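Report on the structure given below.
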Amino acid sequence: MSFINTLAWWQWSLLGLVPIGVVLLYFLKLKRRPLEVPSTYLWSRTLEDLHVNSIWQRLRRNLLLLLQLLMLAMIFLALTRPGWRDNALVGERFIFLLDTSASMQATDEGPSRLEAAKQQIESLIDGMKPGQTGMVLTSSNQSHVEQPYTDNRRLLKNRVRDVQASNRSSDLDEALRYAAGLANPGRSAASAQDVQVAEPMPATIYLFSDGGFATVPSFFLGNLEPKYYPIGQPEPDNVAILAFSAERNVENPLQTQAYGRVENLGAQPADVELSLLFNGRLMDATRVVIEPGATQGVDFELHDIGEGVLELRLDRADDLAVDNVAYACVNMPRRARVLLVTPGNDSLQLCLTTQEAQRVVELRVAEPGFLASEEYQRQAQTGGYDLVIYDRCVPEAQPLANTLFIGRVPKLEGWSAGPLQGPPIIVDTERIHPLMQLVEMGDVRIVEGFAVTFPAGGTALIDADIGALMAIAPRDSFEDVVVGFEIVTVNEGRTEINTNWPIRRAYPVFFMNLVRYLGGGRTTLALPWVPPGKSVSLNTSTPVDRLFVTAPNREVLEILRESTGEFMFTRTELLGPYEVREQRDGAVTQRFAVNLFNRRESQIKPAEKIELEHESIPAEASLEQSRGEGWRWLLLLALLVLCVEWYVYNRRVYV
Amino acid sequence: MARTMARLDTSLLPPDLLAKLERLELVSRKVFRGRLKGERRSRRKGQSVEFMDYRNYVPGDDLRFLDWNLYARLDKLFLTLFLEEEDLHFYALIDSSESMNFGEPTKLFVAKQLAAALGFVGLCRADRVKLQTIAGPHSLNAPVLRGRANLWRMLDYLNKLEPGHNGPLAEGVRQFCLRNTGKGIVVLITDLMDKSGYEAALRMLLARQMDVYVIHVLSPAELDPDLTGDLRLVDCEDQDFTEVTVSRPLLNRYKRTLAAFVDGAREFCTRRGIAYLMTSTAQPVDRLVSQYLRQRGLVR
């Protein structure tokens, strides 16, 4: 036989007084003042009359019986342990994980899904019993501990109320790992035998989300007990703009084309009207009908619009409004500032000075001796160039720019050159890389070259029998490309060609790709748009120390040049266009837009489960169902009835 | 209610009361036969001026009572019968149980006053007066008194009466009936607080064909109790107790019970020709005697 302790120590102490009280009640008699009277004859008859005549007195004996029966009934009922559904929490520690991603701004439930989730969390917090602790975690694409473990329910609820929605995407990985780290501390230890590992703190994690997460890889729950409560209606209605960009016609800079992609993520066909605005002025509109699950593209042609912000607006009220508007910034084209440092390379120079190239390239050619000049140092360290091509030369330090090394490797850790050998036979190229698009190297012959060893994160663009013949690797916010062979070489004072690449079609195509990818395309803006929360690297045409960024809410944020020489802007929480100025009240030098463009966030249908790599967390049907026990109250009531019965019997209460 | 000693310093019959009582006489609703000639009509046929009846003459009758007028008319001899005047027997039975020892003045004192007053009236009219208690030693040695000169003996007897002689009312009356064969007026002065009932006692008195008067004496505290709280009421006679929690409804119910008790006694007495008077010890005795008892025909 086993027993379950259902009471706290102080409750047991109180209960222990009950038998004493019962005994006292039994022996306790009401003190009555003795009084001598001539005769009790009439008093006895009076009491008898009351017994006989009073309805209440007739009931009194029955009342005692009723009270006794009532007490027995309560005891019997208590033995059946009646209970009810309660939002009380089961366990000792709880983690309330609240999804604050963009999809939680959907309004299909409550004022918003986030508010609905907050209300459910607050109801759970209200169900916390003494001794139970909880913490509040929020999660979008990064997690944040809003409130560490505490048993202060008011504090927990205040923290929950203060949680705000974000426009970020969803990523459960960090939040789960943080929560699991507390529940499974041994896993974070270097050795499982480490006796100094903290004791595991099993916890129940209550996740309130719509489940728009990618599968969390390599994650084990361990002592973590997950509970997933989906928020949102099973069939929400949402049409989202998933892409929007604007491209200026290179051949006709006065013409701009805007492209948009709209998807119906609801269950019903959607008849939507799309409006295109430029700097707040309506320029064009179109109407499309999109079937459920279908995508529709829209395009607009604009003439002579200058610089500004294009806004594509979905004129339709649905459950998620943040994906109903998209922005694209139209900046004046700026030619890439390319520095070619070469002792002499006619083919390369020719390639970069064609009419086509001149549209996108502002080329400066210098000899290797220029690298030691003060001008070069200043420009290189202040981002004066977008792309520097080192032909058979190597700078002492990498510039704040993308680089291309031809026949040399940069003086950076991770880069190294193999022995010169040849002729290397090209085996394969990385065709999907923007640099190698439409670059056919099959008919390129190379006299001699070396294998390129590149640092981690790099990619081999050309593979040869000797190894990587061309590679690209990131360096902070820049990228370095190394070509493992010279185009022209100097042998005993004579300039000789080392490869027939310059006479192949792939040669100018490669360098145009290079200029677009590492020159103007990346330096103006790495991507046409920026996801919310992502950092943006900004460059300037002048060596200023600070930039002023105006956010969509018109707040002006000042950013200083980093020690690495670049400007990193991180406060991209708000959706919309951002303006960059080099002077606080100066002209806008560039613009960039922050858009959601996240199909996973726009797909707001609540997920039925959350996938972990080795297990899944199914959705709970409703809030935690625990059992509220009522037997204590019934026993207390029975005790009260006993007291009432004693009172009625002893006091001989008469009406 | 406070328990007090029965003895009082004042006289049972103050002079002003005596003056009023002298003018009264006891009246019997029945005609009884007394032992001595008194100023009473008797059913005995005797010598008086009041004609009662005729009967045939038989040798040996007193010739003085022959009705010659009737002989002249009927030529027969008839003897005239006259009612004989005799004296009245007056009995006062006083309840001296412990319950009579309550009130201010005590019920026993009031009972003694009433008995004294009525006894004095009887003495003034040369009635045969006997006052006694229902129970106790004084019930056996009560003097029979006649004439005003025996007033002091009556008062002396009454002053010696003490409460505390408990016993059933019926038993006391039975003893009285056994010891007193004479008929007459009997006034029972009691609080009727006998748990065995009063009916048997009154029936015994009726069976003796007495002219019964019941004076039901109660104290104001019994009529309108001023009690509060949780009490254990202890009967002073048998120590029986009743636990009550006094409340307004309970007091109202008690009064109704008392009223029903009084009504019950009144009805019992009325049905049987017993004169019933309920009085409080707060009532002056002279008013009781001269007003209430006069209305009931005990005195005139």
Side-chain angles (χ1 to χ4, degrees), chain A residues 20-71 638-655, chain B residues 1-3 95 97-103 106-108 163 166 191-198 217-219 221-223 225-262 264 281:
Chain A
I20 300 173
V22 170
V23 172
L24 287 177
L25 282 176
Y26 182 79
F27 289 106
L28 189 67
K29 293 193 184 299
L30 191 65
K31 270 198 172 300
R32 293 182 184 273
R33 181 166 56 93
L35 183 67
E36 199 169 53
V37 293
S39 176
T40 56
Y41 177 60
L42 287 181
W43 289 104
S44 300
R45 285 185 60 174
T46 301
L47 296 179
E48 285 171 8
D49 285 346
L50 279 172
H51 288 159
V52 170
N53 297 325
S54 166
I55 295 178
W56 169 257
Q57 296 311 317
R58 257 183 267 142
L59 286 176
R60 180 175 168 271
R61 196 166 297 144
N62 289 335
L63 178 64
L64 291 175
L65 175 64
L66 286 175
L67 289 173
Q68 288 164 4
L69 290 176
L70 183 64
M71 186 176 65
L639 187 62
L640 188 65
V641 169
L642 180 67
C643 293
V644 170
E645 189 206 352
W646 172 85
Y647 178 83
V648 171
Y649 177 75
N650 271 283
R651 286 295 298 264
R652 298 193 177 105
V653 175
Y654 299 113
V655 175
Chain B
M1 288 176 286
R3 182 180 179 180
D95 183 357
S97 62
E98 190 62 32
S99 64
M100 294 292 286
N101 194 23
F102 281 85
T106 64
K107 290 186 285 184
L108 180 62
N166 305 322
D191 56 5
L192 292 180
M193 292 297 180
D194 188 342
K195 294 180 180 176
S196 56
Y198 54 83
V217 182
L218 293 172
S219 66
E222 290 175 296
L223 293 170
D226 183 20
L227 304 176
T228 55
D230 302 310
L231 303 172
R232 173 191 285 249
L233 303 177
V234 182
D235 193 315
C236 62
E237 292 185 8
D238 57 8
Q239 304 307 309
D240 186 22
F241 66 88
T242 299
E243 292 179 342
V244 296
T245 298
V246 181
S247 62
R248 179 53 49 193
L250 181 66
L251 289 176
N252 292 339
R253 175 61 72 175
Y254 167 82
K255 289 177 186 175
R256 287 199 289 271
T257 304
L258 174 65
F261 176 70
V262 169
T281 55

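Nothing here was measured: the structure is a model prediction, and the numbers come from that model. Convention: sequence-line order gives letters A, B, ...; per-chain numbering from 1.
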B:Val244 vs A:Leu47, test: side-chain contact (heavy atoms from CB on, under 4.5 Å). Steps then yes/no.
CA-CA 8 Å; B:Val244 296; A:Leu47 296 179; 3.8 Å; yes

For A:Thr46 and B:Leu250, run side-chain contact (heavy atoms from CB on, under 4.5 Å): C-alpha distance rounded to whole Å, both residues' side-chain angles, the deciding distance at 0.1 Å, then the answer.
CA-CA 8 Å; A:Thr46 301; B:Leu250 181 66; 4.1 Å; yes

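Between B:Tyr254 and A:Trp43, the two ring planes are parallel [angle under 30°; tilted spans 30° to 60°].
Of the candidates B:Met100, B:Lys107, B:Glu98, B:Lys107 is the only one forming a side chain to side chain contact (heavy atoms under 4.5 Å, CB included) with A:Pro38.
Residue B:Leu218: no heavy atom, backbone or side chain, is found under 4.5 Å from chain A.
B:Thr257 and A:Leu42 make their closest contact through CG2-O, 3.8 Å (heavy atoms, listed as atom of the first residue, atom of the second, distance). When all heavy atoms of B:Thr228 and A:Arg33 are compared, the pair lying nearest together is O-NH2, 3.4 Å.
The line from CD of B:Gln239 to CD of A:Glu36 is 6.0 Å long, rounded to the nearest 0.5 Å. A distance of 8.5 Å separates OG of A:Ser39 from CG of B:Asp240, quoted to the nearest 0.5 Å.
Your options are B:Leu231, B:Leu258, B:Thr242, B:Asp194, and the one with the most heavy-atom pairs under 4.5 Å with chain A is B:Leu231.
With no hydrogens or angles considered, a side-chain donor-acceptor pair links A:Thr40 and B:Lys195 at under 3.5 Å.
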